[in-house]
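Below you'll find the structure, written out as structure tokens, and then a few comments.
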Amino acid sequence: MAHRFQSVRGFNDVLPPDSALWQHLHAVAARCFSAYGYGEIRLPLVEHTALFARSIGEVTDIVEKEMFTFQDREGDSLTLRPEGTASCVRAGLEHGLLHNQQQRFWYAGPMFRHERPQAGRYRQFHQLGVEAYGMAGPDIDVEVIAMSARLLRALGIAGVRLEINSLGSSETRARYRTALIAYLERHVDALDPDSQRRLQRNPLRVLDAKAPQTQDVLRAAPTLLDALDAESRAHFDALRQGLEDMGIPYTVNPHLVRGLDYYGRTVFEWITDQLGAQGTVCAGGRYDGLVEQLGGAPTPAVGWASGVERLILLMKAQGVTAPEAAPHAYLCALGEAAQRQAHRLAEHLRDVLPTLRLVVNAGGGKLAAQLKRADRSGARLALILGEAELAAANIQVKSLRATPAGATSSQQQTLTWTELPARLGGLLDSP
RNA sequence: GUGACCGUAGCUCAGUCGGUAGAGUCCCAGAUUGUGAUUCUGGUUGUCGCGGGUUCGAGCCCCGUCGGUCACCCCA
């Protein structure tokens with residue numbers, strides 16, 4: 001036998017029946033986003049590498065060691081997108097959609113990061129995200145958070161909690177950063193090694209360190225919330241009021257920070273402890289500086305992204321199932337003439353009943369074997385077309401599954417071809 | 001990037017002290033049967049992830065590599 005390939009590490013196939021759950025998730029999400037007037041934006045998977053360096057931040061782990069970057073044939077440095085926001089802003093600017101306008105977008109698709117795979121973390125993973133531009137007020141922050149809450153609810157996901165924080169203005173952050181560094185340097189020996197490293201590179205990230213000894217040090221550290229400027233404070237207070245008005249429970253986590261440099265003021269995360277170490281299901285915040293940083297006019301912006309694999313894991317953990325996708329009927333044909341007629345009949349039935357799911361047995365075989373396949377397909381009915389039925393222009397209809405009324409599984413009847421559509425129509429899902 | 005565990009039939013797994021591979025399931029054929037359940041009989045399925053090494057001999061020991069799982073790190 002020839003050599004068999006394995007998939008590339010961290011790149012996964014999605015197979016039936018899981019793919020049905022993915023379809024369900026996307027259908028629910030699309031309905032949810034359009035309910036708020038958000039339009040779908042479809043973005044390329046590849047961008048110029050510099051776009052991500054400039055938006056996500058040069059000294060972030062994502063840019064420094066996690067991007068799939070390559071040279072194309074002209075020698076340009078290109079990168080498989082590690083997230084969606086940078087592309088969204090680039091596209092908005094490129095097509096003049098962000099200039100003095102309000103825009104609401106959503107997107108979905110694969111992202112790529114070269115990390116070691118583990119539960120809920122893959123090298124090709126998928127995100128759903130929303131972005132809103134040109135609206136500075138806290139009410140739009142509330143809107144996008146409400147939308148995320150509605151999406152989670154619509155997907156049947158429970159047991160997630162919302163945490164929020166404010167990173168303040170960039171001036172606030174710079175001032176706070178200095179104060180935090182000063183404090184941490186006095187306790188540097190008590191920090192875990194990772195946090196000592198972070199202290200040099202990205203001090204705010206020390207705040208969400210897991211190591212207990214670092215948590216101890218942080219208890220007496222200055223907090224971002226105490227350092228907030230007056231405007232950010234008012235924005236944050238209004239956000240909290242808005243969430244309360246909407247009845248969305250949340251907790252303020254003063255240690256919540258973001259791994260991407262472009263965030264300021266509002267940040268939030270939906271967190272679960274049902275997924276092991278990768279507990280963040282949805283995360284986002286305000287990024288008022290990014291559009292200008294990418295060459296546009298100063299434009300307020302807010303958005304979030306959610307990890308599809310993590311949502312799917314949660315849905316499965318909670319027993320959420322996709323709508324029924326098994327065929328309604330399975331057509332068994334005995335003999336060559338009947339097989340030919342079976343395919344013609346099936347096409348006719350699909351014309352008459354556009355939502356019918358009908359499988360035609362292929363390749364012949366004994367009736368017993370065909371019925372076995374019919375049963376395994378999950379079909380409710382088996383349709384049997386043999387030589388006798390062919391001659392009489394009728395068909396045998398056999399129940400494979402008990403109906404809700406509790407009928408036995410051996411029910412069988414003979415119908416003419418013209419009676420068949422009405423019988424099958426009775427099986428179709430009500431809209 | 002660091003660490004731990006794992007990879008044997010389509011699937012779930014056994015395989016002792018190193019002696020050229022086994023069960024259940026699935027699938028196929030037949031018997032029974034009420035044309036698909038059940039029961040019975042018989043049968044097919046393997047480069048033991050891949051490549052080296054040690055050995056008379058490797059699924060088993062050693063090295064490398066690819067893939068999986070989990071944690072760190074990072075993050076959705």
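Chain A is the first sequence line, chain B the second, and so forth, proteins listed ahead of strands; every chain is numbered from 1.
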>> Heavy atoms from C-beta onward define the side chain here; which of B:rC70, B:rC75, B:rC28 lies closest to that of A:Q278?
In response: B:rC75
> How would you label the contact of A:A374 with the nucleic acid (heavy atoms, under 4.0 Å): base, sugar-phosphate, or nothing?
Replying inline: nothing
>> If the condition is ring-ring contact (aromatic ring centres under 6.0 Å, His included), which residues does A:H48 pass it with, not counting sequence neighbours?
In response: none
> What is the nucleic acid contact for A:G284, judged by heavy atoms within less than 4.0 Å: base, sugar-phosphate only, or nothing?
Replying inline: nothing
> With respect to the side chain of A:T280, which nucleotide from B:rU2, B:rA76, B:rC27 is positioned closest?
Replying inline: B:rA76
>> Just checking A:Q293: does its CD atom have more than 12 heavy atoms from other residues, nucleotides or ligands closer to it than 6.0 angstrom?
In response: yes
>> Looking at A:R310 and B:rC75, is any side-chain donor or acceptor paired with a base atom of the opposite kind under 3.5 Å?
In response: yes
>> Under 4.0 Å, counting only non-hydrogen atoms across every strand here, what does A:R258 touch: a base, just sugar-phosphate, or nothing?
In response: sugar-phosphate
>> Could you work out, with salt bridge (Lys or Arg N to Asp or Glu O under 4.0 Å) as the rule, every residue matching A:E40, not counting sequence neighbours?
In response: A:R42
> Less than 3.5 Å between a donor and an acceptor, one on the side chain of A:R121 and one on the base of B:rC74, is that the case here?
Replying inline: yes
>> In dot-bracket form, 5' to 3', how is RNA chain B paired? Count Watson-Crick and G-U wobble pairs only if both distances fall under 3.5 Å, and write | where the partner sits on another strand.
In response: (((((((..((((.....[..)))).(((((.......))))).....(((((..]....))))))))))))....
> Of all residues at least two apart in sequence or in a different chain, which pass the ring-ring contact (aromatic ring centres under 6.0 Å, His included) check with A:H235?
Replying inline: none
> Is the number of heavy atoms from other residues, nucleotides or ligands under 6.0 Å of A:R150 CZ greater than 12?
Replying inline: no
>> For A:R123, give me all partners under salt bridge (Lys or Arg N to Asp or Glu O under 4.0 Å), at least two apart in sequence or on another chain.
In response: none
>> What's A:R376 touching, base or sugar-phosphate or nothing? Going by heavy atoms closer than 4.0 Å.
In response: sugar-phosphate
> Taking only residues two or more places apart in sequence, or in another chain, which ones meet A:E94 in a salt bridge (Lys or Arg N to Asp or Glu O under 4.0 Å)?
Replying inline: A:R90
>> What contact category does A:V281 fall into here, base, sugar-phosphate, or nothing, at under 4.0 angstrom with non-hydrogen atoms?
In response: sugar-phosphate
> What does A:D375 touch in the nucleic acid at a heavy-atom separation under 4.0 angstrom: a base, only the sugar-phosphate, or nothing?
Replying inline: base
> Which value, in whole Å, describes the distance between the P atoms of nucleotides B:rC63 and B:rA9?
Replying inline: 24 Å
> Which part of the nucleic acid, if any, lies within reach of A:G84 when heavy atoms closer than 4.0 Å are counted: base, sugar-phosphate only, or nothing?
Replying inline: nothing
> So what does A:S7 touch, heavy atoms closer than 4.0 Å: a base, only the sugar-phosphate, or nothing?
Replying inline: sugar-phosphate
>> As a test of reading the structure: which of B:rG36, B:rC73, B:rG1 is closest to the side chain of A:D61, going by heavy atoms?
In response: B:rC73
